[in-house]
Amino acid sequence: MAFFVQKKDFCVNHELAKLQEKSSNIGAIVTFTGCVRGSVNGQLLSEMFLEYYPGMTEAELERIENEATKLWSLQAIVIIHRYGKLQPGDRIVMVATASVDRCSAFEASQFIMDNVKKRATFWKKESFTNGESCWVDNREQDFRRLQR
Amino acid sequence: MAFFVQKKDFCVNHELAKLQEKSSNIGAIVTFTGCVRGSVNGQLLSEMFLEYYPGMTEAELERIENEATKLWSLQAIVIIHRYGKLQPGDRIVMVATASVDRCSAFEASQFIMDNVKKRATFWKKESFTNGESCWVDNREQDFRRLQR
Amino acid sequence: MHTVKLLFFASLREALGRSEEIVEIPKGVNTVADLLSWQCQRNLKYQRAFSADKQIQAAINNQHVSSNALIIYADEIALFPPVTGG
Amino acid sequence: MHTVKLLFFASLREALGRSEEIVEIPKGVNTVADLLSWQCQRNLKYQRAFSADKQIQAAINNQHVSSNALIIYADEIALFPPVTGG
């Protein structure tokens, strides 16, 4: 079980290798990688800024990992989430789960990602090539208001 | 959409990079990696041999990919499955799916893996450190018989 | 007197122009909901920053807390818009 | 005469000691099921290799086919135990 909140990018190969060192009986590894999209609602993105709440964020990621290990038999988990300035195409987050069987690895990975999205204290601010920028939460609300 | 049946190992980083070249608007990439386990039913594995049916295997992987692209909006898929002699810990198969959203990437990846398992014409023969070896299908039947 | 350090994040931090603030919690402000409505009454900037549609949430001791959570024992309370990580 | 090339894979190939065989399909052997039971009657080795618990499956033109599929137009039929890839 490991989690990292960091500015720098990460190497998926390296993380998978570290995961496999944890147990010789891993049969399935699922990774989810979230990336900065090139455009949002048709608007070209120039940059994403990620803010986080030091202390609580790490505590929340740990709680999520603990919950996952109680629900599935997992041999290893790693969560890496970046903060600071990111460019389109950059990796934002990776969740990797390793298990003897495929279903546990898939279900745990989805559980962890859903909870990282709902509970991990990160906030995204998107800047667009047209000079505009806004916090994703506002955009979501605006987006929902537009759809009504 | 790409699929490879090959003897040699593959590099997950390299495959992810190729996937991201396919579209600038990828938000989520899910990879499933299946590996040779160290032991099976408590027996230490020494080697796995994978046989496949050239021609039909590739055709079946292509059919599975086509079905996935009809069911989910995916920007890229890659399936890599190895054959020949593999050691414990070696990668056997990788399925990677890229989409704008997380759910499509996850669901498509599971769909593809389930179908690769049920339909792709590969057969595994496991050799154990105690000198025994058997085809996985027989082991499955023996295993099920044991459990009755 | 109940002195509390408030931490502000993301769009709330930008709207208020500050990332933290030490405040004296007035009598009768016992829950997170009380705290948010008190913030609204402070001035126009706070009123807009804490308006209902902003869905401001709180955390105490590195844990999410609901709006009816008691704040009377907290010495630090984080306030922020809905999280958008992952 | 209906000549067919049979391909054998995995444990079936090992049980029969060969990976393929050209056979003349006798009259009345019209479906995959007919083909499997004909194989069983050939000799003891074939009978064991094609016994029901082996769950031998077939493919024609690179497609899985069910046991009641017609084989009368096939010039190549693959026969194999359940697949165990992935």
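Basis for what follows: all heavy atoms, side chains included, without hydrogens, waters or symmetry-related copies. First the proteins, then the strands, lettered A, B, ... as listed; each starts at 1.
- Residue contact with chain B, scored on non-hydrogen atoms closer than 4.5 Å, is absent for A:Val93.
- For chain A, the nearby part of B:Val36 is the backbone; its heavy atoms alone come within less than 4.5 Å.
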Inter-chain polar pairs, chain B versus chain A: which donor-acceptor atoms lie under 3.5 Å apart?
{"unit_1": "B:Val12", "atom_1": "N", "unit_2": "A:Asn13", "atom_2": "OD1", "d": "3.3"}
{"unit_1": "B:Asn13", "atom_1": "N", "unit_2": "A:Asn13", "atom_2": "OD1", "d": "3.0"}
{"unit_1": "B:Asn13", "atom_1": "OD1", "unit_2": "A:Val12", "atom_2": "N", "d": "3.3"}
{"unit_1": "B:Asn13", "atom_1": "OD1", "unit_2": "A:Asn13", "atom_2": "N", "d": "3.0"}
{"unit_1": "B:Gln20", "atom_1": "NE2", "unit_2": "A:Gly89", "atom_2": "O", "d": "3.2"}
{"unit_1": "B:Ser24", "atom_1": "O", "unit_2": "A:Gly38", "atom_2": "N", "d": "2.9"}
{"unit_1": "B:Asn25", "atom_1": "OD1", "unit_2": "A:Arg37", "atom_2": "NE", "d": "3.4"}
{"unit_1": "B:Asn25", "atom_1": "OD1", "unit_2": "A:Gly38", "atom_2": "N", "d": "3.4"}
{"unit_1": "B:Asn25", "atom_1": "OD1", "unit_2": "A:Ser39", "atom_2": "N", "d": "3.3"}
{"unit_1": "B:Gly27", "atom_1": "O", "unit_2": "A:Cys35", "atom_2": "N", "d": "2.9"}
{"unit_1": "B:Ile29", "atom_1": "N", "unit_2": "A:Thr33", "atom_2": "O", "d": "2.9"}
{"unit_1": "B:Ile29", "atom_1": "O", "unit_2": "A:Thr33", "atom_2": "N", "d": "2.8"}
{"unit_1": "B:Thr31", "atom_1": "N", "unit_2": "A:Thr31", "atom_2": "O", "d": "2.9"}
{"unit_1": "B:Thr31", "atom_1": "O", "unit_2": "A:Thr31", "atom_2": "N", "d": "2.8"}
{"unit_1": "B:Thr31", "atom_1": "OG1", "unit_2": "A:Thr31", "atom_2": "OG1", "d": "2.4"}
{"unit_1": "B:Thr33", "atom_1": "N", "unit_2": "A:Ile29", "atom_2": "O", "d": "2.8"}
{"unit_1": "B:Thr33", "atom_1": "O", "unit_2": "A:Ile29", "atom_2": "N", "d": "2.9"}
{"unit_1": "B:Cys35", "atom_1": "N", "unit_2": "A:Gly27", "atom_2": "O", "d": "2.9"}
{"unit_1": "B:Arg37", "atom_1": "NE", "unit_2": "A:Asn25", "atom_2": "OD1", "d": "3.4"}
{"unit_1": "B:Gly38", "atom_1": "N", "unit_2": "A:Ser24", "atom_2": "O", "d": "2.9"}
{"unit_1": "B:Gly38", "atom_1": "N", "unit_2": "A:Asn25", "atom_2": "OD1", "d": "3.4"}
{"unit_1": "B:Ser39", "atom_1": "N", "unit_2": "A:Asn25", "atom_2": "OD1", "d": "3.3"}
{"unit_1": "B:Gly89", "atom_1": "O", "unit_2": "A:Gln20", "atom_2": "NE2", "d": "3.2"}
{"unit_1": "B:Arg102", "atom_1": "NE", "unit_2": "A:Asp114", "atom_2": "OD1", "d": "3.3"}
{"unit_1": "B:Arg102", "atom_1": "NH2", "unit_2": "A:Asp114", "atom_2": "OD1", "d": "2.4"}
{"unit_1": "B:Asp114", "atom_1": "OD1", "unit_2": "A:Arg102", "atom_2": "NE", "d": "3.3"}
{"unit_1": "B:Asp114", "atom_1": "OD1", "unit_2": "A:Arg102", "atom_2": "NH2", "d": "2.4"}

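- Comparing B:Cys35, B:Gly38, B:Ala98 by heavy-atom pairs within less than 4.5 Å of chain A, the highest count is held by B:Cys35.
- At a 4.5 Å heavy-atom cutoff, A:Cys103 makes no contact with chain B through either its backbone or its side chain.
- Using bins of under 30°, 30° to 60° and over 60° for the plane-to-plane angle, the ring pair A:Phe106/B:Phe32 lands in the parallel bin.
- Heavy atoms closer than 4.5 Å to chain A are found in the side chain of B:Leu16, but not in its backbone.
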